[in-house]
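Written out below as structure tokens is the structure these notes cover.
Since this is a predicted model, take the numbers as computed values, not measurements.
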Amino acid sequence: MQHHRVLSDISRIEPTDLAAGLATPAGRRWLRRVVLPALPSPQASLLAAALLAYRDDFLRWRRDRSTWVVIDRIDREALLANAVWLAGSNAALALWVRLQQEGTATLVTVATRVLREGTAVAREVALTLLLADPNREIRLPARIERGLLTIALADPDDTVRGLAVATAAQRAPDLLLSHWYRWVQDRSQRARRAVWQLALRSDPHAREHAIALVSSEAVPVSIRSDALWALAQAMTTDEIAPILAVAVVHPDRELAEAAAEILWTQHRHPLPARAALESPHRPVRRIGEQLLDPRRGSPAAGGARPGMPSPFGLS
């Protein structure tokens, strides 16, 4: 019934053609690409509202920029009413560009709503387009960016929060540094590693905290592995070798393999290489064997030649 009212109000196009167009994805694409741009504003707004009802056309994975025309031609009230779900659609960039034209205050109001009420996809896309992408088209004042980042840093979704932390580490590090020790124990690995890089540059005690985390059996292994990764970025090979030697024989495979990966790719040394031979995990033992093999091993670890590029795919 609503479509019939819309169609009867749009002049210059046969209602039967419009009805047929709305009935199929190809027809709606034709309406967006050909008909909608040519209509005067009142009729365009009505047709845009009808097209907006077909949300499957706006799914993020559908690469169809004709949906951007809907954003351009729909009236302001309908745009704002649908903005939260559109922020996660394939027309998200068009949405933010249109809202910027409406004024910074409107854009910030909608962005705040999206970051608080939108789906995880909508929140991640909004954060990317408005803050994280270094080549973003929309630039906001620093105080507004900080406000939006503050909201995103509390996001319950690990992916969104990790993106927010990585962005804040680059653009507003003070939002993280006062509680950086909490952030390096976050559920998001992206968040943990971004803050470790920041902390190692900013806090002279960061290494000590990393060593404490690696050594603590009460800490989840994923957090210990990333603390070990952080130490690998900050320590020399001689400094980290004793730590790797302990880690490669750890009963937890994730931690032992993380240490073996660091041993293979960054810090080849005979002490952890020999320790790896005693690891309870076969992939780790194979790395020790490879590094110490006098025919093909690494000179830095006691063998004769550089090893192969992949630590867990050795033959």
R192 vs Q185, test: side chain to side chain donor-acceptor pair (under 3.5 Å). Steps then yes/no.
CA-CA 6 Å; R192 294 195 299 266; Q185 300 182 69; over 6 Å; no

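Formation of a donor-acceptor pair under 3.5 Å by the R98 side chain with backbone atoms of I71 is found in this model. A donor-acceptor pair is defined here as one N or O able to donate and one able to accept, closer than 3.5 Å; no such pair exists between the side chain of T119 and the backbone of G88. A donor-acceptor pair under 3.5 Å is formed between the side chain of S45 and the backbone N or O of S41. The backbone N or O of V248 lies less than 3.5 Å from a partner atom in the side chain of S279, making a donor-acceptor pair.
A distance of 5.5 Å separates CH2 of W196 from CG of L213, quoted to the nearest 0.5 Å. Atom CD1 in I138 sits 6.0 Å away from atom CG in L93 (nearest 0.5 Å). Atoms OG1 and CZ, from T159 and R190 in turn, are 9.0 Å apart once rounded to the nearest 0.5 Å.
By the criterion of side-chain heavy atoms lying less than 4.5 angstrom apart, applied directly or through intervening Ile, Leu, Val, Met, Phe, Trp or Tyr residues, I144 is grouped together with L130 in one hydrophobic cluster. The cluster map of Ile, Leu, Val, Met, Phe, Trp and Tyr, joined by side-chain heavy atoms under 4.5 Å apart, puts L22 and W30 in the same cluster.
A side-chain contact (heavy atoms from CB on, under 4.5 Å) with H250 is found for one member of V214, V284, L255 and no other, namely L255. The only member of V165, L149, V184 that meets side-chain contact (heavy atoms from CB on, under 4.5 Å) when paired with L176 is V165.
For R33, the salt bridge (Lys or Arg N to Asp or Glu O under 4.0 Å) test picks out D64, with sequence neighbours left out.
With respect to the salt-bridge test (charged N to carboxylate O, under 4.0 angstrom), the residues R253 and E261 do not qualify. A salt bridge does not link R116 to D155: none of the charged nitrogens lies less than 4.0 Å from a carboxylate oxygen. Ion pairing between a basic and an acidic side chain is recognised when a charged N comes within 4.0 Å of a carboxylate O; R285 and E289 show no such pairing. Under a 4.0 Å N-O distance rule, the pair D186/R161 qualifies as a salt bridge.
Surrounding CD of E137 are at most 12 heavy atoms belonging to other residues, nucleotides or ligands under 6.0 Å away.
For R207 against A234, the heavy-atom pair with the smallest separation is NH2-O, 2.7 Å. Smallest separation of non-hydrogen atoms from A164 and L127: N-CD2, 3.5 Å. Scanning both residues, R224 and V219, for their nearest heavy atoms gives CD-O, 3.3 Å.
In this structure, R65 is positioned above the aromatic face of W68, its NZ or CZ under 6.0 Å from the six-membered ring centre and within 45° of the axis.
Ring orientation note: the planes of W180 and H209 are nearly perpendicular, at an angle over 60° on the 30°/60° scale.
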